[in-house]
Amino acid sequence: MSKRLRVAVVGAGAAGLCAARHVLALQHAFDPPVVYELTAQVGGTWVYEERVGCYDNGHPIHSSMYRNLRTNLPKEVMMFPDFPFDPLLPSFLPHQEVLRYLQSYSQHYGVTPHIRFETAVEEVKPVTMETGEGKVTWEVTSSGGRYGRRTETFDAVFICTGHYSDPYLPSIPGLEHFKDATHSIPVSGAVSLLEMALIGYHGRAVCKTALKETSAAAVVILSHGKPPLAFPLPPQVRQAPPVRQVLKDGGVEFGDGSVTHPQVLLLCTGYSFSYPFLSGASLGLQVEPHLVSPLYKQLLPPAWPSLFIIGICKIICPFPHFHTQVQFALAVLEGTVLLPSCAEMEAEVRREADRKLMEGVQPRHLLKMDSDQWGYYRTLASMGGFSPLPPVIQSLYEEVWRQRRRDPQKYRQINYRLVTDTQWEILELQPDRETNGERETER
Ligand code: FAD
């Protein structure tokens, strides 16, 4: 390669830190990255924010972390494979420990000095269309921070802005009649209440905290469209079918015709993908960056093989996922991976989507990977010529899911240890600790 490539990384959460760490490791091929970060610190989702609404710089609060969340993956699976957590910590961690871990990762790999804090990326667009070598240059416009409004050019851009910050609000007839219906993000602000309705399957995760935050006599109604939860719920929790409408007097009518008048209506309906700094038009896409289905190997738009969206998939092991995708993306930039033609990549994307649709996957769940993730990681590693994830990650991940299905209240009391690349063991059962207020988490 004749000249070192310049890489921009948008976001200094786990994915952005991972991207920058691997760029820095390949000094022969890449200049040190420029990492843009909206907030004043690293960690993204893992920075718990008591405030709701906006940061001092006017940007919407990014984190949707819950006050007393503990991870739903053990640290032995969750970690970046090249950077273990402190072995003295238990397997399932409070969010503060994950933040500390990410801060150490950033320091250890020398990423922190390359981060421009309080700097928001406002636009990412391709400027040099096709040069003789078929390369594209990217213009990144940012504001805030030390440099104010500024536009710089890069050879490649890693989008690492996460997807748990833009609340998805379902259209419920009459919702406007409920004063202060709110998305689940600010649940930690709930106070002594008598009745609370949680809407959406994600509400099961919010339930415990809601119970803790409400008065002892509170009733919590968990309304969702899935089969009723089979494991025992606290006596104050009632399950209900999806909401049909909100009545003029603020009453909430469920699918079975029952009506209730909760004090709080909490929409636990997940998040939308949002890339406000990428315009579908400038990328030649028919739709605004849903960018989602047209991604080759779940990370790059076929027409723009130097734009990488890291971590867009769901039901994954996020940190190992980022670790694998980032190395694959860098192998593409270095030329180790020779990408097929744009038409072939698009055809593969379509085939993949069709396969899932044929298997009965709903279009909105096309990005859920679940058990597909393991084959995906092996494919990326073999194409990119880097070490695959050790098989013990999959084996322990599957064990934890088994435990979680068996006893969702207690699976986090077990501690694990990795013995070899293929073997794990249970350390000891923790005493039956109080698990109230510890919430299931999303990935
Ligand atoms: P984020 O952490 O969201 O980071 C994105 C960063 O981009 C942020 O710092 C943000 O400020 C920055 N940014 C956004 N827009 C801009 C912009 N325009 N300009 C500059 N910077 C920008 N994963 C697990 O492995 N285990 C768990 O137990 C677990 N629990 C979770 C619980 C909850 C409640 C949630 C929401 C997620 C959980 N996850 C869990 C998944 C979690 O999302 C991932 O672990 C991971 O932190 C995602 O990292 P990310 O870098 O993709 O995104």
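Only heavy atoms go into these numbers, but all of them, side chains included; no hydrogens, no water, no symmetry mates. Being a predicted model, the structure only gives us computed values, none of them experimental. Order of appearance sets the numbers: ligands from 1, and atoms from 1 within every ligand.
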Proximal ligand 1 atoms for [X], defined as those under 4.0 Å from one of its heavy atoms:
| X | result |
| --- | --- |
| Y36 | 20 (C), 21 (N) |
| F277 | 18 (N) |
| G11 | 6 (C), 7 (O), 12 (C), 21 (N) |
| G13 | 4 (O), 6 (C), 9 (O), 51 (O) |
| T39 | 11 (O) |
| T71 | 28 (O) |
| A120 | 19 (N) |
| L69 | 32 (C), 34 (C) |

Can you find an N/O atom of [X] closer than 3.5 Å to an N/O atom of ligand 1?
| X | value |
| --- | --- |
| H163 | no |
| M65 | no |
| M78 | no |
| A15 | yes |

Checklist entry - Parallel, tilted or perpendicular: which fits the ring planes of F319 and F80, with parallel below 30° and perpendicular above 60°? => result parallel

Next on the checklist: Under a 3.5 Å threshold, yes or no: a donor from one side chain and an acceptor from the other, between S106 and T112?
Outcome noted: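 Checked: S106/T112 side chains pair up, N/O donor to acceptor below 3.5 Å.
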
Is [X] in contact with ligand 1, taking contact as a heavy-atom separation below 4.0 Å?
| X | result |
| --- | --- |
| T119 | yes |
| C160 | yes |
| F322 | yes |

Item to check | Row check, Y109 ring normal vs R21 NZ/CZ: under 6.0 Å, within 45° | outcome: yes

Less than 4.0 angstrom from a charged side-chain N to a carboxylate O is my criterion; do [X] and [Y] meet it?
| X | Y | answer |
| --- | --- | --- |
| D407 | R412 | no |
| E348 | K297 | yes |
| R116 | E152 | yes |
| E359 | R355 | yes |
| D31 | R6 | no |

Next on the checklist: Using ring centroids (six-membered ring only for Trp), state whether Y101 and W46 fall under 6.0 Å.
Outcome noted: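 Centroid distance W46-Y101: not below 6.0 Å, so no.
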
Item to check | Worked check of side chain to side chain donor-acceptor pair (under 3.5 Å) between Y376 and Q325 | outcome: CA-CA 10 Å; Y376 170 70; Q325 284 196 321; 2.7 Å; yes

Next on the checklist: Going by the closest heavy atom to atom 27 (C) of ligand 1, which one wins out of L278, N72, L73, V140?
Outcome noted: N72

